[in-house]
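These notes are about the structure you will find just below.
Convention: sequence-line order gives letters A, B, ...; per-chain numbering from 1. Heavy-atom basis, side chains included; hydrogens, waters and symmetry copies ignored.
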Amino acid sequence: MTIKIYNTLNNRKEEFIPRQPGKVDMYVCGPTTYDLIHLGNARPLIVFDTVRRYFEYSGFEVNYVQNFTDIDDKIINRAREEDADPLALAERYIKEYYRDAGALGVRPATKHPRVSEHLPEIIEMIQKIIDNGYAYVVDGDVYFSVSKFSGYGKLSGRKLEDMMAGARIDVDERKNHPMDFALWKAAKPGEPSWNSPWGKGRPGWHIECSAMANKYLGMGFDIHGGGFDLIFPHHENEIAQAEACAGCGPFARYWMHNGFITVNEEKMSKSLGNFFTVREILAKYDPEVVRFYILSTHYRSPLDFDDTKLEMNKKSLARLHNALDNVEALLHSVSYGQSDVSMEREIVQLHKGLEKAERDFREAMDDDFNTALAVASLFDLARETNAFGKAMAEHAGKPLPESVREILEQVRDKFLKLSEVLGLFERREAVNKDESAQLLEKLMALIIEVRQEARSKKDWATADAIRNKLSEIGIILEDTPQGVRWKKSK
RNA sequence: GGCGGCAUGGCCAAGUGGCUAAGGCAGAGGACUGCAAAUCCUUUAUCCCCGGUUCGAAUCCGGGUGCCGCCUCCA
């Protein structure tokens, strides 16, 4: 079984062949840290985190590099508005980034390099590009000469001639070609700057990624990712810089780009002002719901955002949680051992469902990380499992064979294993361990006992009053064939 | 103007040549329940329009309509 990846470089799905067997080197463009991240920023984080998780699940060792752009016009402007130091401001938002990303179940990359810590590498790279004849210096600025680089446009599928037609106004007259872009910007008064062979200044936007990817992954690394809007000019320029510097290619072998989050079918972006920060969304929705929502669509498709979509996904996700709750309850509320009940037929059926679910899951993920389809396999497994639980209910009160317990444990373990790839259901284990949780457990047992007493006397008024009052304070009681259980409502 | 993408049931969303077009949400009916909840079963699509290729197309080709993105900072 091999993984197929849709490669923007040639707009085709290709079999993924790693540079080194068993290893994946990937670089994903991280945020410019001048503000809280919004949902549009969160999509690539979740998508590529999932890509990484699936590679790891498939047995690869993943070296995942994601940068922070902590030197940039927007940071400088924001710092000026707040009368703050630009690097300190960037540092602050890097911390906020970790908070949001962590909440969404995005694991830290193997390495999070920052521009501010790689000036020597960047300067060295620029010098080499100049030496190789692909860049020129004008008044302390350094520009990349796109017409010198024959491969320019190969990622975005554009030709220089075509782009000139649409190129906008205010072309800097000092540039040789309108599409030439800055590798180094001469310092303006009051801006942070660093010494360089061309005078004080700071790096252009694109060079950082070329330099840092090169440093940590080297030329020809496996996967480079980011949002669709980075294809041009950012990634096109990264390729030009890296390959002009090295004198050969490729810079990266597979390019993956995620689609946009839209609002009312329009791209969510800072400049349009139609964005929602992760922070404000998480104030209303469980991060797991947000993650599930993002993974419920293929990563290259656009994904429209509004509250009703989150509500829908919240309910969908609850179905999976219920299925897992059901399995846990069956494991704990039924006695297993000597039994005159045979459930062989159902066990065989569930076992088949279990194998099919895993097979379907892998096939889906192997096919360009089709998370939407992978999720469907979890729902299939949930249905099979619930049906099994229904069959068990017919033997309620009797001990069941160990083989029933075993298959349920297998289902639970597989379910958690597969959903871990998607970054879901990871926090279930952690809860219910502290003292007050244990106390709550005992308290609920007591309340349920009292209510059962009322039920046995057919005192429905009391029984329902208890259930309703509990519901009001956020606890849901369920009378199942295997006994009463409770859970917190979400 | 150049380049690219999308259009699947009430909603979301897989599927890119061939068994009965996944899955979820919502709706309807039934089962279970003291009533609920949870769950199970049943049920809802000629795949934007027109033409073509093919034994056969949601899927390929041509044309049309509508929407979106990139070409400028943007995930």
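- Separating the CG atom of Leu155(A) from the C1' atom of C3(B) is a distance of 13 Å, rounded to the nearest angstrom.
- Figure legend. C3(B) is base-paired to G69(B); pairs are counted as Watson-Crick or G-U wobble with both atom distances under 3.5 Å.
- Contacts between residues 27-42 of chain A and RNA chain B, defined by a heavy-atom separation below 4.0 Å, involve His38(A), Gly40(A), Asn41(A), listed by number.
- Contacts of Asn386(A) with the nucleic acid, taken as non-hydrogen atoms under 4.0 Å apart, involve only primed sugar atoms and P, OP1 or OP2.
- Nucleotide C48(B) is matched to G64(B) when pairs are restricted to Watson-Crick or G-U wobble geometry with both distances under 3.5 angstrom.
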Quiz: residues 468-478 of chain A side-chain donor-acceptor pairs under 3.5 angstrom, not counting sequence neighbours:
unit_1	atom_1	unit_2	atom_2	d
Asn468(A)	ND2	Asp464(A)	O	3.2
Glu478(A)	OE1	Arg485(A)	NH2	3.3
Glu478(A)	OE2	Lys487(A)	NZ	3.4

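- Put simply, CD on Glu266(A) is 16 Å from C1' on C6(B), counting in whole angstrom units.
- Annotation: A14(B) and C32(B) have their P atoms spaced 38 Å apart (nearest Å).
- As rounded to the nearest Å, A45(B) and C11(B) have P atoms that lie 14 Å from one another.
- The base-pairing partner of G27(B), taking Watson-Crick or G-U wobble contacts with both distances under 3.5 Å, is U43(B).
- The backbone N or O of Lys267(A) sits nowhere less than 3.5 Å from a side-chain atom of Thr262(A) that would complete a donor-acceptor pair.
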Worksheet entry | Sugar-phosphate or base contact per nucleotide [nucleotides 12-24 of chain B; S, B, -; heavy atom under 4.0 Å] | SSSS------BSB
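- Of all nucleotides present, none satisfies the Watson-Crick or G-U wobble test against G56(B) with each distance under 3.5 Å.
- In this structure, Ile261(A) places its CD1 atom 15 Å from C1' of C68(B), rounding to the nearest Å.
- Atom P of nucleotide C41(B) and atom CD of Glu394(A) are separated by 13 Å, given to the nearest angstrom.
- Each of Asn264(A) and His234(A) has a nearest nucleotide on RNA chain B; the 5'-most of these lies closest to Asn264(A).
- The residue among Arg300(A) and Ser271(A) whose nearest nucleotide of RNA chain B is located toward the 5' end is Arg300(A).
- Between A57(B) and C47(B), the distance separating the two C1' atoms is 11 Å to the nearest Å.
- Under the rule for a side-chain contact (heavy atoms from CB on, under 4.5 Å), Leu443(A) has no partner lying at least two apart in sequence or in another chain.
- Comparing A58(B) with C48(B), their C1' atoms are spaced 11 Å from each other, to the whole Å.
- Every residue meeting the salt bridge (Lys or Arg N to Asp or Glu O under 4.0 Å) condition with Arg291(A), not counting sequence neighbours, appears here in chain and number order: Asp49(A).
- Remark: Lys414(A) pairs with Glu358(A) by the salt bridge (Lys or Arg N to Asp or Glu O under 4.0 Å) rule, at least two apart or across chains.
- Taking atom P on both nucleotides, C49(B) is separated from G9(B) by 10 Å, rounded to a whole Å.
- Asn326(A) comes within 4.0 angstrom of sugar-phosphate atoms only, judged by non-hydrogen atoms across all strands, and of no base.
- Side-chain contact between Phe415(A) and Leu381(A) is present, with heavy atoms from C-beta onward closer than 4.5 Å.
- When the side-chain contact (heavy atoms from CB on, under 4.5 Å) test is applied to Ala109(A), the partners found at least two apart in sequence or on another chain are Tyr64(A), Gln66(A), His112(A).
- Using a 4.5 Å heavy-atom cutoff, the side chains of Lys314(A) and Phe292(A) are not in contact.
- Sorted by first and then second residue, the pairs that involve residues 292-305 of chain A and meet salt bridge (Lys or Arg N to Asp or Glu O under 4.0 Å), not counting sequence neighbours, are Arg300(A)-Asp368(A), Asp304(A)-Lys309(A).
- As a whole-Å value, the separation of Lys487(A) NZ from A36(B) P is 17 Å.
- The shortest distance between side-chain heavy atoms of Arg202(A) and Asp73(A) falls below 4.5 Å.
- For residues 374-390 of chain A, the pairs satisfying salt bridge (Lys or Arg N to Asp or Glu O under 4.0 Å) are Asp380(A)-Arg383(A), with sequence neighbours left out.
- Legend: residues meeting side-chain contact (heavy atoms from CB on, under 4.5 Å) with Gln452(A), ordered by chain and number and at least two apart, are Ile448(A), Arg455(A), Val484(A).
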Worksheet, complete the sentence: Nucleotide by nucleotide, nucleotides 30-35 of chain B touches protein heavy atoms under 4.0 Å in the pattern (B base, S sugar-phosphate only, - none) ----BB
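- Only the C1' atoms considered, C60(B) is 9 Å distant from U16(B), to the nearest whole Å.
- With both ends at atom C1', the span from G15(B) to A7(B) equals 15 Å, rounded to whole Å.
- The nearest whole Å value for the distance from the NZ atom in Lys267(A) to the C1' atom in U72(B) is 11 Å.
- Contacts of Ala382(A) classified as side-chain contact (heavy atoms from CB on, under 4.5 Å), with partners at least two apart in sequence or in another chain: Leu320(A), Ala323(A).
- A distance of about 40 Å separates the P atoms of A38(B) and G17(B), rounded to the whole Å.
- Nucleotide U72(B) holds its C1' atom 10 Å from the CZ atom of Phe232(A), rounded to whole Å.
- Regarding Ile231(A), its CD1 atom lies at a distance of 10 Å from the C1' atom of G5(B), rounded to whole Å.
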